[in-house]
Amino acid sequence: MAMSKPLYLGIATSTGDGRAGGQVRTDDGLLDISLAIPKGMGGPGGATNPEQLFAAGWAACFHSALKAVAAQQKTRITDSAVIAEVQIHPTPEGGFSLSAALHVELSGVEQATADKLVDAAHAICPYSNATRGNIPVTVDATVA
């Protein structure tokens, strides 16, 4: 499949020891952070990690996709939030894999409408499209 012309190019560079105390910086300097292995993985914690960064990006991207499909379908949402959970798992071969769960909280719509909006957002979100079929992902909607 031929790729269309990119709308944007994000560039980040990891230096030092990667997730084990390294740094990640974007080319424009807007993101410049230290990394640490989380305590739950036997590390010192105290800094972010790739799974949190991935979760943050996916939550924001999915939220934008949700707002876009709601506007497209002329559906008014009074409030919304997307919580992305990204887990890292050891593999039998000694490597690692990811899984994710997206929890969408919406107000101002019925549950059936919320489910349809979330399904539509999941169909257009670039993170959802990148991970589809590659890692286990669950998506749910809660109407508050």
Visitor: With a 4.0 Å cut-off, would you call Arg19 and Glu51 a salt bridge?
Guide: yes
Visitor: Nearest 0.5 Å please: distance from the CG atom of Leu106 over to the OG1 atom of Thr113.
Guide: 10.0 Å
Visitor: Run the numbers on His103 and Thr142 for side-chain hydrogen bond (donor to acceptor under 3.5 Å, both in side chains), then give the verdict.
Guide: CA-CA 8 Å; His103 306 291; Thr142 303; over 6 Å; no
Visitor: Can a donor-acceptor pair be found, under 3.5 Å and without considering hydrogens, that links the side chain of Ser64 to the backbone of Ala60?
Guide: yes
Visitor: Working to the nearest 0.5 Å, report the span between OG of Ser34 and CZ of Arg25.
Guide: 12.5 Å
Visitor: Hydrophobic clusters here meaning ILVMFWY residues chained together by side-chain heavy-atom distances under 4.5 Å, can you tell me if Ile37 and Val24 are in one?
Guide: no
Visitor: Examine Leu35 and Val86 and state if one hydrophobic cluster contains both, with Ile, Leu, Val, Met, Phe, Trp and Tyr joined whenever side-chain heavy atoms are less than 4.5 Å apart.
Guide: no
Visitor: Over all heavy atoms of both residues, which pair between Ser80 and His63 is shortest? Give the atoms and the distance, please.
Guide: OG-NE2, 2.7 Å
Visitor: According to the ring pair (Phe, Tyr, Trp, His ring centres under 6.0 Å) rule, which pairs have a member within residues 35-57, sequence neighbours left out?
Guide: Phe54-Trp58, Phe54-Tyr127
Visitor: Could you tell me whether a side-chain N or O of Gln111 sits under 3.5 Å from a main-chain N or O of Ala141, the two making a donor and an acceptor?
Guide: yes
Visitor: Taking it one step at a time, do Gln23 and Thr15 satisfy side-chain hydrogen bond (donor to acceptor under 3.5 Å, both in side chains)?
Guide: CA-CA 5 Å; Gln23 291 283 128; Thr15 57; over 6 Å; no
Visitor: Any chance you could measure Thr138, atom OG1, to Asp140, atom CG, to the nearest 0.5 Å?
Guide: 6.0 Å
Visitor: Could you see if Leu102 belongs to whatever hydrophobic cluster contains Leu53? Use Ile, Leu, Val, Met, Phe, Trp, Tyr and a side-chain cutoff under 4.5 Å.
Guide: no
Visitor: Between Gln52 and Ala47, which heavy-atom pair has the shortest distance, and what is it?
Guide: OE1-O, 4.3 Å
Visitor: If you round to the nearest 0.5 Å, how far is OG1 of Thr131 from CG of Asn129?
Guide: 8.0 Å
Visitor: State the CG-CD1 distance between Leu31 and Ile11, to the nearest 0.5 angstrom.
Guide: 13.5 Å
Visitor: Check whether Ser99 reaches the backbone of Pro136 with its side chain - one donor and one acceptor, N or O, closer than 3.5 Å.
Guide: no
Visitor: Which pair of heavy atoms, one from Ala70 and one from Leu117, lies closest together, and at what distance?
Guide: CA-CD2, 3.8 Å
Visitor: Just verifying a value: how many Å separate Ile77 CD1 and Glu105 CD, rounded to the nearest 0.5 Å?
Guide: 12.5 Å
Visitor: Should Leu66 and Ile83 be regarded as members of a common hydrophobic cluster, given that ILVMFWY residues are connected when their side-chain heavy atoms come within less than 4.5 Å of each other, either directly or indirectly?
Guide: no
Visitor: Please answer whether the main-chain N or O of His122 pairs with a side-chain N or O of Arg132 as donor and acceptor at a distance below 3.5 Å.
Guide: yes
